[in-house]
Amino acid sequence: MKYDNTNIIENIKASKYFRKADILIVIFMLFMFVGMMMLIFMPSGEKVIIKVNGTVKYTYNLNENRVINLEINGEKNANVVVIENGYVYMKSATCKNEVCVNTGKIHRVGETIACLPHNVVVEIVGKGGMDTVV
């Protein structure tokens with residue numbers, strides 16, 4: 001006996017369970033999966049660039065443990081950046097919301113920590129210096 005699957009396909013098309021919204025959900029889930037794979041397999045960075053007011057102030061190797069105390073507008077220790085065991089994080093900040101402190105540790109190329117009240121950006125870059133992630 002030969003099995004004919006054309007009725008199954010036509011039944012799926014005619015059913016109320018398979019709609020355009022289902023296709024959009026599947027496409028959205030595929031994009032999310034690809035995005036997660038890119039984050040997981042993105043290479044670890046080699047350097048940390050610290051910018052204040054859009055100007056590069058410091059560049060350090062990611063494998064050198066150190067504490068950087070930033071002076072912003074005459075305020076000492078306005079931001080404290082820590083490089084430790086290949087990770088970078090903002091230990092403390094004198095801004096009100098402390099979003100930068102709550103960002104957590106970063107170590108992959110393209111990741112950033114930003115303190116908008118103090119206009120400080122901490123960025124991870126790869127081998128050639130400033131990499132661009134598209």
Side-chain angles (χ1 to χ4, degrees):
M1 201 190 295
K2 189 174 178 184
Y3 183 73
D4 185 17
N5 64 359
T6 56
N7 287 339
I8 294 172
I9 294 171
E10 296 207 7
N11 286 339
I12 291 173
K13 288 180 180 178
S15 74
K16 294 180 180 179
Y17 298 110
F18 189 71
R19 299 181 183 196
K20 291 180 182 178
D22 296 329
I23 294 170
L24 292 175
I25 290 172
V26 169
I27 291 171
F28 175 75
M29 295 298 284
L30 285 172
F31 277 117
M32 293 298 294
F33 177 76
V34 170
M36 291 299 293
M37 290 298 109
M38 287 177 62
L39 283 177
I40 290 171
F41 294 111
M42 190 165 294
S44 293
E46 293 185 0
K47 294 196 179 287
V48 178
I49 294 177
I50 301 174
K51 298 177 188 175
V52 179
N53 295 321
T55 305
V56 175
K57 293 291 182 181
Y58 304 101
T59 302
Y60 298 108
N61 285 328
L62 195 57
N63 57 9
E64 295 177 10
N65 293 346
R66 64 177 60 231
V67 176
I68 303 106
N69 295 305
L70 300 177
E71 182 177 328
I72 310 294
N73 298 327
E75 180 181 357
K76 292 186 179 186
N77 299 328
N79 291 80
V80 178
V81 179
V82 177
I83 304 171
E84 185 175 66
N85 300 325
Y87 288 84
V88 180
Y89 63 96
M90 189 80 67
K91 183 176 182 178
S92 65
T94 58
C95 55
K96 291 181 183 179
N97 57 14
E98 291 190 350
V99 171
C100 55
V101 175
N102 296 323
T103 299
K105 296 179 179 182
I106 61 173
H107 72 284
R108 297 192 186 280
V109 173
E111 289 183 318
T112 60
I113 299 173
C115 181
L116 297 180
H118 293 151
N119 205 7
V120 173
V121 176
V122 179
E123 181 180 7
I124 305 294
V125 295
K127 295 178 183 177
M130 294 195 184
D131 285 349
T132 302
V133 177
V134 178

Going from [atom1] on [X] to [atom2] on [Y], what distance comes out if it is rounded to the nearest 0.5 angstrom?
{"X": "N73", "Y": "E71", "atom1": "CG", "atom2": "CD", "value": "9.0 Å"}
{"X": "E75", "Y": "C95", "atom1": "CD", "atom2": "SG", "value": "9.5 Å"}
{"X": "T103", "Y": "I113", "atom1": "OG1", "atom2": "CD1", "value": "5.5 Å"}
{"X": "I83", "Y": "H107", "atom1": "CD1", "atom2": "NE2", "value": "14.5 Å"}

Evaluation steps, side-chain contact (heavy atoms from CB on, under 4.5 Å), between V122 and M90
CA-CA 9 Å; V122 179; M90 189 80 67; 4.1 Å; yes

Restricting to non-hydrogen atoms, name the atom on [X] and the atom on [Y] that form the minimum distance, rounded to 0.1 Å.
{"X": "V52", "Y": "V120", "answer": "CG2-CG2, 4.2 Å"}
{"X": "C115", "Y": "N79", "answer": "SG-ND2, 3.5 Å"}
{"X": "P117", "Y": "N97", "answer": "CG-OD1, 4.4 Å"}
{"X": "T94", "Y": "H118", "answer": "OG1-CE1, 3.1 Å"}

Before you tell me yes or no, could you show the steps for L70 and I68 under side-chain contact (heavy atoms from CB on, under 4.5 Å), namely the whole-Å CA-CA distance, both residues' side-chain angles and the distance that decides it to 0.1 Å?
CA-CA 6 Å; L70 300 177; I68 303 106; 3.8 Å; yes

Around N102, counting heavy atoms of other residues, nucleotides and ligands shown, do more than 12 lie under 6.0 Å from its CG?
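More than 12 heavy atoms, drawn from other residues, nucleotides or ligands, come within 6.0 Å of this atom.
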
Determine all donor-acceptor pairs shorter than 3.5 Å in which one atom belongs to a side chain in residues 54-66; sequence neighbours excluded.
unit_1 : atom_1 : unit_2 : atom_2 : d
N61    : OD1    : K47    : NZ     : 2.9
N61    : ND2    : E64    : OE2    : 3.0
E64    : OE1    : R66    : NH2    : 3.0
N65    : OD1    : N85    : N      : 2.8

Determine whether V125 and V109 make a side-chain contact, defined as any pair of heavy atoms from C-beta on separated by less than 4.5 Å.
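No; the side chains remain at least 4.5 Å from each other.
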
List, by chain and number, the other hydrophobic cluster members for V67, where Ile, Leu, Val, Met, Phe, Trp and Tyr join if side-chain heavy atoms come within less than 4.5 Å, directly or indirectly.
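Direct or chained contacts put V67 with V80, V82, Y89.
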
Which other residues belong to the hydrophobic cluster containing I25, where Ile, Leu, Val, Met, Phe, Trp and Tyr are joined when side-chain heavy atoms lie under 4.5 Å apart, directly or via other members?
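For the cluster that includes I25, the remaining residues are F28, M29, M32.
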
When you look at I50 and V121, which way does the side-chain contact (heavy atoms from CB on, under 4.5 Å) test go after all the steps?
CA-CA 6 Å; I50 301 174; V121 176; over 6 Å; no

